[in-house]
Protein chains: 2
Amino acid sequence: MTGLRSGQVAAAAGVNPQTLRYYERRGLLPQPDRTLGGHRLYPAETISLLRLIKASQRLGFTLDEVTALLNARGAGMHARAAAKLSEVELKIAELTMIAEALRGAVAASCDDVNTCAADPRCPLPDS
Amino acid sequence: MTGLRSGQVAAAAGVNPQTLRYYERRGLLPQPDRTLGGHRLYPAETISLLRLIKASQRLGFTLDEVTALLNARGAGMHARAAAKLSEVELKIAELTMIAEALRGAVAASCDDVNTCAADPRCPLPDS
DNA sequence: TTGCAGTCGGTACCTGGGTACAGGCTTACC
DNA sequence: GGTAAGCCTGTACCCAGGTACCGACTGCAA
């Protein structure tokens with residue numbers, strides 16, 4: 001009966017204990033062993049798995065995508081990362097345009113949105 | 001009793017009619033005049049106001065921020081745009097690092113997340 | 001053996017930005 | 001004046017990704 005309790009795992013991975021049960025329901029975490037009394041006993045790898053999930057989220061994957069990623073093997077994984085890479089590149093391009101527009105708004109001394117929007121030099125409406 | 005009906009305004013601004021009432025509740029749109037029967041009558045400016053709201057959203061402002069923006073005058077507006085600009089620039093920087101990590105993952109032939117995450121060359125866990 | 005922290009399952013709630021539906025009224029056109 | 005389209009209010013629901021609360025039970029140490 002060895003293993004980590006949910007609170008320990010959650011603290012080690014920097015996650016709310018409720019989130020463990022949530023991930024289990026979503027199929028991101030395998031069902032752990034239990035004590036005789038029904039308390040969960042996690043293997044130590046769960047902590048790195050959680051960190052992997054969080055890292056993938058930071059890479060812009062949704063939980064559904066992470067689930068697919070965790071079940072993927074071989075070229076599937078490769079293709080998904082490549083697909084996500086082009087998504088991220090697209091997003092960077094969009095944000096770059098947005099930053100341009102904002103720089104324009106700052107430079108144009110766009111002081112009052114209402115009047116500025118009426119001004120043809122205002123970059124807001126077309127962005 | 002002149003003015004535009006909600007359906008006309010919504011269609012002209014490319015917005016769902018329900019959204020007009022939602023924005024009114026949120027304080028983004030002023031309360032319009034009404035017909036004797038209680039139907040809303042919008043001034044024509046409402047259409048450009050809606051477009052301005054949508055443009056601001058595309059610039060990354062939340063509806064709460066747009067509300068504040070619409071009520072702001074002078075330097076407040078300027079400062080907010082500048083603040084949002086640095087937020088956007090930060091986000092671009094984050095996404096750029098993420099793209100780097102993904103390129104790494106693709107290049108490293110990171111075929112199976114589980115084994116790859118255990119591999120010290122895998123860029124996923126630290127991102 | 002007692003006491004208390006930790007955990008259990010189930011359910012409800014949160015944020016943001018809307019969208020959908022129900023049942024009734026108004027407006028416009030023929 | 002009939003009829004259909006449009007609009008009214010109010011309420012409920014959607015998405016993702018959790019978080020909070022409840023009353024009951026377990027585990028562990030003193």
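Every value quoted in this text rests on a predicted model; they were computed, and no experiment measured them. So you know, we letter chains A, B, ... as the sequences are listed, proteins then strands, and number each from 1.
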note = Those residues at least two apart in sequence (or on a different chain) that pass salt bridge (charged side-chain N to carboxylate O under 4.0 Å, His left out) with D33(A) are none
inquiry  = Y22(B): which residues meet the side-chain hydrogen bond (donor to acceptor under 3.5 Å, both in side chains) condition with it, sequence neighbours left out?
reply    = R26(B)
ask   = At what distance, to the nearest 0.5 angstrom, does NZ of K91(B) lie from CG of L95(A)?
value = 7.5 Å
request  = Would you tell me if any nitrogen or oxygen in the side chain of T19(A) comes within less than 4.0 Å of OP1 or OP2 on dG17(D)?
outcome  = no
key: side-chain contact (heavy atoms from CB on, under 4.5 Å) partners for A99(A), two or more places apart   = R103(A), L85(B), V88(B), I92(B)
query = To the nearest 0.5 Å, how far apart are CG in L4(B) and CD1 in I47(B)?
reply = 5.0 Å
ask   = Residues two or more places apart in sequence or in another chain: which of them pass salt bridge (charged side-chain N to carboxylate O under 4.0 Å, His left out) with E45(B)?
value = none
ask   = Can you tell if the side chain of I53(B) reaches within under 4.5 Å of the side chain of S56(B), non-hydrogen atoms only?
value = no
Any R34(B) side-chain heavy atom under 4.5 Å of L41(B) side chain = no
request  = Go along nucleotides 2-16 of chain D 5' to 3' and tag each nucleotide: B for a protein heavy atom under 4.0 Å from its base, S when only backbone or sugar atoms are that close, - otherwise.
outcome  = ----BSSBB------
key: chain A footprint on DNA chain C, 5' to 3' - any atom under 4.0 Å from a heavy atom   = dG6(C) to dG10(C)
message = Once salt bridge (charged side-chain N to carboxylate O under 4.0 Å, His left out) is applied, do any residues pair with K54(B), and if so which ones, sequence neighbours excluded?
response = none
message = Going by the rule side-chain hydrogen bond (donor to acceptor under 3.5 Å, both in side chains), which residues pair with N16(A) if we only count those two or more places apart in sequence or in a different chain?
response = none
remark   = Here the gap from E24(A) atom CD to T46(A) atom OG1, rounded to the nearest 0.5 Å, amounts to 10.0 Å
query = Under 4.0 Å between a side-chain N or O of N16(A) and OP1 or OP2 of dG17(D)?
reply = no
request  = Could you list all the salt bridge (charged side-chain N to carboxylate O under 4.0 Å, His left out) pairs where at least one residue sits in residues 6-18 of chain B, not counting sequence neighbours?
outcome  = none
query = Residues from residues 86-93 of chain B sitting under 4.0 Å of DNA chain C, heavy atoms only?
reply = none
message = Distance check needed: dT19(D) P versus L20(A) CG, whole Å only.
response = 10 Å
remark   = Axis-to-axis angle across the helix from dT1(C)-dA30(D) to dC30(C)-dG1(D), five pairs each end, nearest 10 degrees, ~ 10°
message = So, using side-chain contact (heavy atoms from CB on, under 4.5 Å) as the criterion, who are the partners of R21(B) when residues are at least two apart?
response = Q18(B), R40(B)
